[in-house]
Amino acid sequence: MQKLSLNQSLQQRLSPQQIQFIKLLQIPTFELAARIEEELEINPALEEGMEMDNDVQEQKEEFDEEFDDYKEDEFADYEDRDLDIDSYLHDDYSGYKMQGDGNGGEEEEKEMPIMMVESLTDHLNTQLGFLRLDETKETIGKQIIGSIEADGYIRRPMQAIVNDLAFTQGVYTSIEEVEEVLRAIQTFDPAGIAARDLKECLLLQLDRKSQNEPRIQDAIRIVDEYFDEFSKKHYEKIQKRLGITDEAMKEAISLITKLNPKPGASDDDSNVTQFLMPDFILTNNNGKLEIFLNSKNAPELRVSTSFHEMLETYDKSDKNNKSIKETVTFIKQKLDSAKWFIDAIKQRQQTLLKTMQAIVDYQKEFFLSGDESKLKPMILKDIANEIEMDISTVSRVASSKSVQTEFGLYLLKYFFSEGISTESGEDASSREVKNILKELIENEPKKNPLSDDKLEKYLNEKGYNIARRTVAKYREQLNIPVARLRKQL
């Protein structure tokens with residue numbers, strides 16, 4: 001006997017427009033131009049440029065009303081079709097899931113690529129555009145960038161650059177103005193770029209670090225005041241003049257030796273290296289943080305006026321003619337598709353800015369100071385609640401986007417971390433704990449390194465409620481081997 005059963009299932013479905021938005025949202029900035037170019041090629045109703053004026057828009061709306069019947073009869077399948085999300089997009093943001101964000105599942109972790117190949121010169125010119133300089137200073141900036149050598153240094157005298165600008169560009173300037181633009185370029189990434197010698201290169205990198213730490217203050221003094229002695233490794237003489245302890249001297253020297261002496265050098269001889277293209281630009285105007293989208297995220301697109309003119313032409317024709325009806329249906333499909341794409345791009349811009357603004361508000365102290373210790377524990381859910389959007393939306397933005405700040409360029413996912421409770425009941429960022437853990441290991445007795453159990457004990461004494469297995473996890477994430485492998489004679 002055959003049994004009959006009735007099963008109910010609830011499936012989440014997305015409209016084609018929602019799917020369009022999801023795909024565009026997770027595309028990195030450098031891929032957006034290619035995606036727009038692809039859409040321009042397949043849809044003749046989409047054009048580059050400003051949106052249509054009000055007169056053309058009114059004509060379109062009037063004509064759309066006249067053809068509502070056609071749209072209902074022949075365009076219904078195209079407009080109303082829903083797609084099963086499972087057949088289209090396996091939504092997995094567990095690869096970027098933090099503690100408190102819900103169950104992650106065991107699916108393979110995937111992230112959108114965020115790197116692009118770009119020459120050092122192109123990378124610096126892109127950042128120059130973010131300064132919004134006047135025409136003269138922008139020309140000076142390009143001349144300076146063009147004078148930077150492959151290793152990141154600029155060895156041409158400032159007077160030579162002044163002369164070049166006068167003879168080749170017709171721009172008459174002064175050494176002072178060139179140096180003013182040079183100082184701005186020296187804030188670009190990579191840190192230390194456009195230095196005139198090694199000393200300046202090291203100082204530029206140290207200046208970007210938190211000035212509140214004693215070891216950084218000592219390192220700056222060593223490079224600035226005792227560079228010759230440092231070059232000759234006369235460390236005892238430097239230590240005596242600075243009046244600091246052996247441990248403080250060791251920390252300062254260790255910090256300096258870890259800086260990059262060739263900020264422009266790539267891993268190969270092609271002089272092409274990988275740089276991030278920022279999605280956001282963050283500026284600090286006297287304590288007021290302002291966010292801008294990278295201009296490549298805000299293209300000018302419009303619906304083709306010629307397609308509206310075609311509709312007007314067919315409106316005067318025989319509306320009962322089958323071929324005319326098919327042509328009108330095709331035109332309306334392309335017009336609607338173009339409108340959908342433009343709306344999805346706008347929605348992408350709004351979502352990006354809304355998410356970034358929430359992150360900046362949440363981590364305001366860090367963005368004002370650049371001090372990593374000011375970073376607060378923050379998970380995807382915190383931002384999702386703030387902007388009243390789904391966690392998956394925040395995940396798509398955070399996993400593939402970056403922001404340019406005065407302290408350097410950061411991936412958005414850098415600002416997210418799980419919280420660890422302290423004895424006082426407050427939350428501490430896992431990044432804060434990792435920094436302390438790293439410091440403990442750097443200062444441990446080399447002949448008798450600290451085991452994970454001892455590291456756990458020290459952290460607990462400092463007020464961090466952390467288990468030994470978590471200590472081991474963080475140590476591994478920092479690429480630090482176990483105690484027995486760190487032992488030195």
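Reckoned from all heavy atoms, side chains included, excluding hydrogens, waters and symmetry mates.
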Sequence neighbours excluded, the answer for side chain to side chain contact (heavy atoms under 4.5 Å, CB included) partners of Asp453 is Ser451, Glu456, Arg468

Residues pairing under ring-ring contact (aromatic ring centres under 6.0 Å, His included) where one sits in residues 209-241, two or more places apart or in two chains, turn out to be none

Residue pairs meeting ring-ring contact (aromatic ring centres under 6.0 Å, His included), one or both in residues 362-406, sequence neighbours left out, come to Phe366-Tyr410, Phe366-Phe415, Phe367-Phe415

query = In terms of heavy-atom contacts, does CD of Glu386 have more than 12 from other residues, nucleotides or ligands at under 6.0 Å?
reply = no

Practice task
May I have the step-by-step check of side-chain hydrogen bond (donor to acceptor under 3.5 Å, both in side chains) for Asn435 and Glu439, ending in yes or no?
Solution key: CA-CA 6 Å; Asn435 287 336; Glu439 184 178 338; over 6 Å; no

query: Is Tyr458 close to Ile436 at the side-chain level, that is, under 4.5 Å between some pair of heavy atoms?
result: no

- Message: Are the side chains of Val178 and Ile175 in contact, using a 4.5 Å heavy-atom criterion?
- Response: no

Smallest heavy-atom separation, Pro261 atom then Leu259 atom, equals CD-O, 3.3 Å

Closest non-hydrogen contact found for Val403 with Pro278 is C-CB, 4.4 Å

Is it true that the NZ or CZ of Arg132 lies under 6.0 Å from the centre of Phe292's six-membered ring and within 45 degrees of the ring axis? yes

May I have the list of side-chain donor-acceptor pairs in residues 192-205 shorter than 3.5 Å, sequence neighbours left out?
unit_1	atom_1	unit_2	atom_2	d
Arg196	NE	Glu200	OE1	3.2
Arg196	NH2	Glu200	OE2	3.0
Asp197	OD1	Lys199	N	3.3
Asp197	OD1	Glu200	N	2.8
Lys199	NZ	Asp224	O	3.0
Glu200	OE1	Arg196	N	2.7
Glu200	OE2	Gln186	NE2	3.2
Gln205	OE1	Asn260	N	3.0
Gln205	NE2	Cys201	O	3.4
Gln205	NE2	Asn260	O	2.7

Are the charged groups of Glu39 and Arg35 less than 4.0 angstrom apart, N to O? yes

(Q) Salt bridge check, Arg486 against Glu444: does any charged N sit closer than 4.0 Å to a carboxylate O? (A) yes

- Query: Under 3.5 Å, is there a donor-acceptor pair between the Asp343 and Gln347 side chains?
  - Reply: no

Contacts satisfying salt bridge (Lys or Arg N to Asp or Glu O under 4.0 Å) that involve residues 236-249 (not counting sequence neighbours) are Glu229-Arg241

Only residue of Leu455, Leu450, Leu478 satisfying side-chain contact (heavy atoms from CB on, under 4.5 Å) with Ile441 is Leu455

Can you check salt bridge (charged side-chain N to carboxylate O under 4.0 Å, His left out) on Lys346 and Glu300, steps first, answer last?
CA-CA 10 Å; Lys346 288 181 179 178; Glu300 292 181 353; over 6 Å; no

Here the gap from Asp189 atom CG to Leu120 atom CG, rounded to the nearest 0.5 Å, amounts to 11.0 Å

So CD1 of Ile161 and OG1 of Thr173: to nearest 0.5 Å the spacing works out to 10.5 Å

So side-chain hydrogen bond (donor to acceptor under 3.5 Å, both in side chains) across residues 135-148, not counting sequence neighbours, yields Lys137-Glu180

